[in-house]
2 protein chains.
Amino acid sequence: MAAAAKELPACPVETTLTLISDKWKVLILRDLMPGTKRFGELKKSIGSVSQKVLTAQLREMERSGLLTRTVYPEVPPRVEYTLTDLGYSLKPILDAMRNWGEAYKAQKQG
Amino acid sequence: MAAAAKELPACPVETTLTLISDKWKVLILRDLMPGTKRFGELKKSIGSVSQKVLTAQLREMERSGLLTRTVYPEVPPRVEYTLTDLGYSLKPILDAMRNWGEAYKAQKQG
DNA sequence: CTGAATCCAGTCGGATACTG
DNA sequence: CAGTATCCGACTGGATTCAG
């Protein structure tokens, strides 16, 4: 949540971690993969995230180039978040995590 | 680092996050993928992690069934960490992260 | 509806010193 | 060498309030 940009480490795995390892970012990605969502929709679909933190992590991801933020000057205001190509390119990671999680739970249930 | 076991959420992506989202766990996985390592080797290869936290996260991963801990009763003591099949099954996620990180850095350099 | 600002508790994790 | 215990600063993130 720091204001300063994070430095990119030498290891590719660390590079990825730097951009998506915050508490809610992976879930934001998961929920935006199907398409554009409004702020309120995201907040509801993610679950227990607070407004402050959701805003902060969305802004960080915008700065990282993972998503775009579009403000519609209406009353009441409407703000939509959409993954960029870069953000969408994280899909293989999300898919791998989903696949693994499913297999893990299936195993735990025997 | 909590002592209590973490609950598994409904979403598979969250399940995965629950098990590997701590600060150093992905790097531990990365470094154990090639094979068994001693505590000191891990500490060196991971980088700036402190001894206390590395120990704690390794123990959590052991409890989660991601790795095994083998103590050799020698002087000086030797402790080796090895991924279980379950831990090794996370490889596709690690690979996806590495691939993405490489592509990202390549793009940043034009 | 979205978001900024403030306050604050909980935790994470680093540094250090000590043990077998 | 590997691990434990203690201390403590820093940061994360939730709750609340106010604003446009």
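A quick note: this is a predicted structure, and the numbers were derived from the prediction, not measured. Throughout, a chain's letter reflects where its sequence line sits, starting with A, and its residues are numbered from 1.
Taking atom CG of residue A:L42 and atom P of nucleotide C:dC1, one finds them 14 Å apart after rounding to whole Å. Rounded to whole Å, atom P of C:dC1 lies 16 Å from atom CZ of A:R69. For B:Q57 and D:dT4, the CD to P distance is 14 Å, given to the nearest whole Å. Look at CG on B:L27: it is 15 Å from C1' on C:dG13, rounded to the nearest Å. If you take CD of A:E74 and P of C:dG3, they are 13 Å apart, rounded to a whole angstrom. If you take CG of A:L58 and P of C:dC1, they are 17 Å apart, rounded to a whole angstrom.
Looking at A:K43 and A:E41, no side-chain N of the basic residue comes within less than 4.0 Å of a carboxylate O on the acidic one, giving no salt bridge. Taking a cutoff of 4.0 Å between a charged side-chain nitrogen and a carboxylate oxygen, A:E14 and B:R30 qualify as a salt bridge. Electrostatic pairing of A:R69 and A:E80 does not count as a salt bridge here, judged by no charged N lying under 4.0 Å from a carboxylate O.
Using a 4.5 Å heavy-atom threshold, the side chains of A:T15 and B:Y104 count as touching. Counting only heavy atoms from C-beta outward, the side chains of A:L54 and A:I46 approach each other to under 4.5 Å. Considering only heavy atoms from C-beta on, A:L58 comes within 4.5 Å of A:F39 through its side chain. Using a 4.5 Å heavy-atom threshold, the side chains of A:L66 and A:L83 count as separate. Annotation: side chain of B:Y81 is not in contact with side chain of B:T36 (no heavy-atom distance under 4.5 Å).
Closest approach of B:L90 to B:M33, counting heavy atoms only: C-CE, 4.0 Å.
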Would you give a per-nucleotide map of nucleotides 14-20 of chain D, 5' to 3', where B means the base has a protein non-hydrogen atom under 4.0 Å away, S means only the sugar-phosphate does, and - means neither? BB----B
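Near DNA chain C, meaning a heavy atom under 4.0 Å from it, residues 32-39 of chain B has no residue at all.
Contact between the side-chain N/O atoms of B:R59 and the OP1/OP2 oxygens of D:dA2 is not found at any separation under 4.0 Å.
Backbone-only contact: B:Y81 has heavy atoms under 4.0 Å from sugar-phosphate atoms and none from a base.
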